[in-house]
Amino acid sequence: MKPNVKKIPGPKSQKILDKLKKLNLGNSAVYPFVHSDRGQGCYFYDIDNNLFLDFASQIASNPLGYNNQDLKKIIKKYSNIQPIKYAGQDFVVKEHKDLLEELLTITPKTLNSAFLINSGAEAVENSIKICMRKRPKTKFGISFKGSFHGRTLGALSLTNSKPVYNKNYLRIPHKILHFNEGAKEELLKIIKKEDSESIGFLIIEPIQGEGGYNVASKNMLADIRKVTKQYNIPLISDEVQSGMGRTGKWWAIQNFNINPDIISAAKALQVGATIANKSFISEPGAISSTWGGGHILDLALGLETIKIIKRKKLLINIKNTGIYLRKRLNELDVKNQRGIGLMQAFDLENKEIRDNLIIECLKNGLVVLGCGHNGVRLIPPYIISKTEIDQAIDILDSSIKRCSNKLFKHQGMICNYMNCGEILS
Ligand SMILES: Cc1ncc(COP(=O)(O)O)c(C=O)c1O
C-alpha cells in the first residue's frame, strides 16, 4: 500500500468537522479528516477515501494498527452481549480477572496486583492516591520539568509540560525537579529541608511523552531510584505512553534496569491500570470507580493485545524496526534524534517549521504528532515494516526540504483546522 491523499479535509470530513467544532465543548483543533471504518495494518482511509500511513497510532493507543483479525474476532465474540459495560469494581466479570492475570505476567515480580480504570490520567490519579493513603504524613508529591501525567486535577497538578494545561486550575502541593542529572541533588535538598515522610511519592516518565520525548539519563534514574529507596519514597513510573512494549521492552523503565514501586499504564492496554504491590492498599473502598474493570470489550481487547504481542514476538519487531527507524532518521536534515524502540522523535529549527511540517506530511499521507516546543514524534504501530518506514522517511525528507524554505506557507482550508499537534497529548 502507498499513502494517497487527494484533498484534506475532503467534503464529507469537512461537514462533520464543522458541525463538531460547534458542538464540542473541548478542543476544537483537530486533524482535518474523519476516520472511516476501513484500514489495513499501518494504513487507514478517511471517509473521503484518502489513504494515510499512521505514524501516530492514535497517540500510542493503537499498537496493532487497523483491521487486526485477532482483535476483530474478539469484537465479534462480544457483539451480542448487552450491556457491555458493568460496574466492574462492585459487580465482577470474568474478563477483569483474565486481564489482571495476563497483565501481571509482564510486570516486574514485586508489582503483583493492579487496579483497572478507564484512562491514563486515572491510572496516574490512583497511583498517587495509593501513595498518599500509605503515607499519612504526606504533604506534597514530586514530579519533573516537562512532565505530562494527564488532565484530572491530581495528575494535572504534576504536569509541567505546557502552561496552557494548568492555567487557573488548582493544583495539589508538589515540587518540581529538573529532568537531568542534577535531580538527585535537588531531591536530597528537599529531603534535608523537609521530613522525608512528607514526600508522598515521586513520579517520572522514563521517556517524557508530550513534553518532548526526552529520554531520562541512566545515571539520573539510577540516582533517583537509590535515593527514593533509601528514604522509602514510592517511585511511580508513568508508562501510559511509553509502556506496553512501545520501547521494545514491556516497560520503558526496564531499559534502565530499574524496578519502580508503581507503574501507571493505559493507552495500548485499552484500559488504565495502576500496577503495584498488593500491600500498597488494604482498605476496601479507598480506591474505586463505577466502570473500572467492567468494560468487557476493552478488558478482552487489552488481554488479546498482550497475547498478540507475545504470540507474534512483536517486542523483537519493535526493537529491530526501532533501530532501523533511528538509522533512517539520522539521514535527515533534523536535530536531536532521540528515543528508544518505536518511540522516536527529532527537533526542527523552530516551532513554526515543526507545525508546517506536520501539515505538509499530512498532505502527503503521513500522520505524525508534535511534542515539546519544536519536536516531532514518530510512534508507528508495533507491526511496522522497514518498507513502511522507508515510505515515511521519503515523505518526511521531501516535506522537511519544502518547509525549511523561509517563504514556505500553508494556505487554504487546512489552516482552519490544524493546530499542529500542539494540544494533543
Ligand atoms: C505519560 C502520560 N501520562 C498520562 C497521560 C494521560 O492519559 P489519558 O489521556 O488517557 O488520560 C498521557 C496521555 O497522553 C501520557 O502520555
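Atoms within a ligand are numbered from 1 in the order they appear, just like the ligands themselves.
By the criterion of a heavy-atom distance under 4.0 Å, neither the backbone nor the side chain of Glu210 is placed next to ligand 1. Within the 4.0 Å heavy-atom criterion, neither part of Ala266 lies near ligand 1. Only side-chain heavy atoms of Glu205 come within less than 4.0 Å of ligand 1; its backbone N, CA, C and O stay farther off.
Geometrically, Lys145 does not engage Phe179 in a cation-pi contact defined by less than 6.0 Å to the ring centre and at most 45° from the axis.
Close approach of ligand 1 to Gln241 (heavy-atom distance below 4.0 Å) involves ligand atoms 14 (O), 16 (O). In the vicinity of Ser119, heavy-atom distances shorter than 4.0 Å reach the ligand 1 atoms 10 (O), 11 (O). Within ligand 1, the atoms closer than 4.0 Å to a non-hydrogen atom of Asp238 are 1 (C), 2 (C), 3 (N), 4 (C), numbered from 1 in the order shown.
Checked against the 6.0 Å centroid criterion, the rings of Tyr165 and Phe148 qualify as a close aromatic pair. Between Phe44 and Phe52, the distance separating the two ring centers is shorter than 6.0 angstrom.
The shortest side-chain heavy-atom distance between Glu205 and Ser242 does not fall under the 4.5 Å cut-off. Inter-residue side-chain proximity for Glu194 and Phe140 is flagged as met; some heavy-atom pair is nearer than 4.5 Å.
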Walk me through it: do Thr105 and Lys310 pass the test side chain to side chain donor-acceptor pair (under 3.5 Å)?
CA-CA 11 Å; Thr105 66; Lys310 284 182 177 174; 2.8 Å; yes
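Within a 6.0 Å sphere centred on NZ of Lys12, heavy atoms belonging to other residues, nucleotides or ligands number 12 at most.
Heavy-atom distances between Arg151 and ligand 1 stay at or above 4.0 Å for every pair. Distances from ligand 1 to the non-hydrogen atoms of Gly120 include at least one value under 4.0 Å.
In terms of polar-atom proximity, defined here as any N/O pair under 3.5 Å, Lys267 does make such a contact with ligand 1. On a distance-only criterion, Ala121 and ligand 1 share at least one N/O pair closer than 3.5 Å.
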